[in-house]
There are 2 protein chains.
Amino acid sequence: MVTIKDVAQAVGVSASTVSRALSGSSLVNEETKSRILEAAQSLGYERNELARALVKGSSGAIGLVVPDITNPFFSDIARGVSDIADRNGYGVILSNTDDRADRELSYLRLMRRKRVDGLIVCSARLDTPLDESLTSAGTAFILVSRLSIDPDVPYVITDDRAGSRLAVEHLVDLGHRRIAFIGGPENVQSSRDRMDAYREVLNEHGIESREEWRLFAGFTQGAGREAGRQMLLHESERPTAIFAANDVTALGVLEVAEGLGLRVPEDLSVVGYDDISYASLPRIQLTTIAQPAIEMGQIAAGWLLRSLEDEDVPPLQRILTPRLVVRSTTAPAS
Amino acid sequence: MVTIKDVAQAVGVSASTVSRALSGSSLVNEETKSRILEAAQSLGYERNELARALVKGSSGAIGLVVPDITNPFFSDIARGVSDIADRNGYGVILSNTDDRADRELSYLRLMRRKRVDGLIVCSARLDTPLDESLTSAGTAFILVSRLSIDPDVPYVITDDRAGSRLAVEHLVDLGHRRIAFIGGPENVQSSRDRMDAYREVLNEHGIESREEWRLFAGFTQGAGREAGRQMLLHESERPTAIFAANDVTALGVLEVAEGLGLRVPEDLSVVGYDDISYASLPRIQLTTIAQPAIEMGQIAAGWLLRSLEDEDVPPLQRILTPRLVVRSTTAPAS
DNA sequence: TTGTATGCGTTATCAG
DNA sequence: CTGATAACGCATACAA
């Protein structure tokens, strides 16, 4: 690899002058500057960001921690983050935790060892010392779509309680009384909030909230199938509507429902959450609660980068408003 | 940040001893080693990988270049890559090119400046000096699901011609004679291969290959809608089957078809490519050509990492066999 | 077994 | 405007 020294030698100046020229310093003779640039070009010089990072104390990279990049909601967030990061010359280091505390911790440590300038975390859990491990580390960070116990951390979320209420009220409005809820992981704040709001709405309407119709499962399609099967198996005990904490999960429910010969929405109404792009396909037409995932990624990355440049940007705590999108998987209770 | 020196001072040894102890060198007294480890622990020492990278000449990161992480095919690949990389302590730096040559080039340069140890590229184009920019750089790399002009580069692909043949022959077997093809970007090898094989099969069966039924579009849902609309608009000139170069595109086709009041598969058969997880949803049931995306990512990452450790692993040129998955979007021509 | 000195490629400080 | 020189944090060759 050709270094700054090689360029210096080629041009016949000192390394410092080359460094200055290359970083566009104004205090360097225009003519020598152009000679340096030219030489750098023809020698194929590429600045070693590692060395630069070492002395500048900033790596020019941010870490992105998601449960599973395969989930469209998170790949959308990743896309948003990546767009902003790229535009500002930052690299994005990706890692998947599968919502496992141990992996989350170990990746966070890896990121810190790599001296990422900032962290975007979409997989914060409640039962894990994430907060301390983040906050104490002195690395800038922001949570996306997750909350932590600590109320002071920056985040970008949508109002999960409001979103959940929207979904359940929609179902109630349609005349459903046997409404089930399949949540994500229990140790995730958004899961709990959606669960709480679900129970709250049922309560407000004097609707019985049966324990078998209330499950913390997970954010995967498999979890949806599993939980869905469990709830739909016994005909007499079957709910007429299922609210799944996540579109992917809802798709799993759709799958078992279909397998059990149930028609959606005639026999079963299904509501999802996220409004991933596949939810709007004509064949799917999933009623769901929309979250602007790409935008959330952009907002988070935007704030993070700004707070890296600027010492004193106030911590961002942005709560976006979710939106009910009624499509064809919900219908009046029969 | 606490450095190796701080630990050294705390324990009362030299920095080099700490360095040795921390990297598990055997030539250091067991007792001092444990004292060092303990001190490092309690001081919250985290090795600065940047500094380490600088001296070792290896950053412990690999770059992953995809057209769009939002496309399930690529997020699957990313997942496979990430799994292997993480397991080996490597970081994954992600970037999205949207299949644009300029972005591809600039990200590749960014990666090189960041001194990634290796590169996994899923967005190689034919009309761009990527190959040179890669090969000449001396950074190890491997192409996934893309080919380049240079026959000697390492890659993991599936046999695109074979896959395309599978799809078109399936359609022909069903009695279709008016078969259209919507390809990906024209400057991508896999696009061309699929197009070629499509024409080849039609030829072999003496089926007319109309120009209006042959389009290079793109790998996005929007491209599918656009191209699909164009082909389906005029009733008299309508194909009875469309083979889309990609599931996402096929979903777009499904969307316009539905919008135009066409029933699939009664009025129109549709075949996709990739077998993304949403293709198997009961509501979708897309007939498609399966590629093992996660596995491809794993294979590529596995080889890349091996070739980083080991100087002389032979270049991998792995061609996986695609598989026809018949579901419900194809039916005999009426 | 440990310490000293040196270098990885940059940037920054301080003279000139 | 330019050039030494000293860091940045770590690893290692060489001494001790």
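A quick note: this is a predicted structure, and the numbers were derived from the prediction, not measured. First the proteins, then the strands, lettered A, B, ... as listed; each starts at 1.
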Quick one: [X] [atom1] to [N] [atom2], roughly how many Å, whole number?
X: A:I4; N: D:dG3; atom1: CD1; atom2: C1'; result: 13 Å
X: A:K5; N: D:dG3; atom1: NZ; atom2: P; result: 15 Å
X: B:D6; N: D:dC8; atom1: CG; atom2: C1'; result: 13 Å
X: A:E30; N: D:dC1; atom1: CD; atom2: P; result: 8 Å
X: A:L50; N: D:dG9; atom1: CG; atom2: P; result: 14 Å
X: B:L27; N: D:dA15; atom1: CG; atom2: C1'; result: 15 Å

query = Counting any heavy atom closer than 4.0 Å, what does A:S16 reach on the DNA or RNA strands: base, sugar-phosphate only, or nothing?
reply = base
message = What contact category does A:S19 fall into here, base, sugar-phosphate, or nothing, at under 4.0 angstrom with non-hydrogen atoms?
response = base
remark   = side-chain hydrogen bond (donor to acceptor under 3.5 Å, both in side chains) filter on B:S82, not counting sequence neighbours, yields A:N96, B:D86
Please tell me if [X] has a side-chain N or O lying less than 4.0 Å from either OP1 or OP2 of [N].
X: A:T32; N: D:dT2; answer: yes
X: B:K56; N: D:dT12; answer: yes
X: A:S14; N: D:dG3; answer: yes

Distance alone, cut at 3.5 Å: any donor-acceptor contact between the side chains of [X] and [Y]?
X: A:S58; Y: A:D117; result: yes
X: B:S25; Y: B:S23; result: no
X: B:T70; Y: A:D76; result: yes

query = First contact, last contact: which nucleotides of DNA chain C are these for chain B, 5' to 3', heavy-atom distance under 4.0 Å?
reply =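 Terminal contacting nucleotides, 5' to 3': C:dT1 to C:dG9.
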query = For DNA chain C, whose closest nucleotide is more 5', that of B:V55 or that of A:S23?
reply =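 In this pair, the answer is B:V55.
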request  = Using the closest heavy atom to pick a nucleotide of DNA chain C for each, name whichever of B:K33 or B:R115 lands nearer the 5' end.
outcome  =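 Between the two, 5'-proximity favours B:K33.
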message = Between B:L64 and B:I93, is the side chain to side chain contact (heavy atoms under 4.5 Å, CB included) condition met? List the steps.
response = CA-CA 6 Å; B:L64 175 62; B:I93 302 183; over 6 Å; no
ask   = Is the shortest distance from a Lys or Arg side-chain nitrogen in B:R87 or B:D83 to a carboxylate oxygen in the other one below 4.0 Å?
value = no
ask   = In a check of salt bridge (charged side-chain N to carboxylate O under 4.0 Å, His left out) between A:E49 and each of B:R112, B:R109, B:R113, which one passes?
value =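 That would be B:R113.
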query = Closer to the 5' end of DNA chain D via nearest nucleotide, is it B:A51 or A:V13?
reply =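 Upstream on the strand: A:V13.
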task = By nearest nucleotide on DNA chain D, pick out whichever of B:R20 and B:E49 is the more 5' one.
result = B:E49
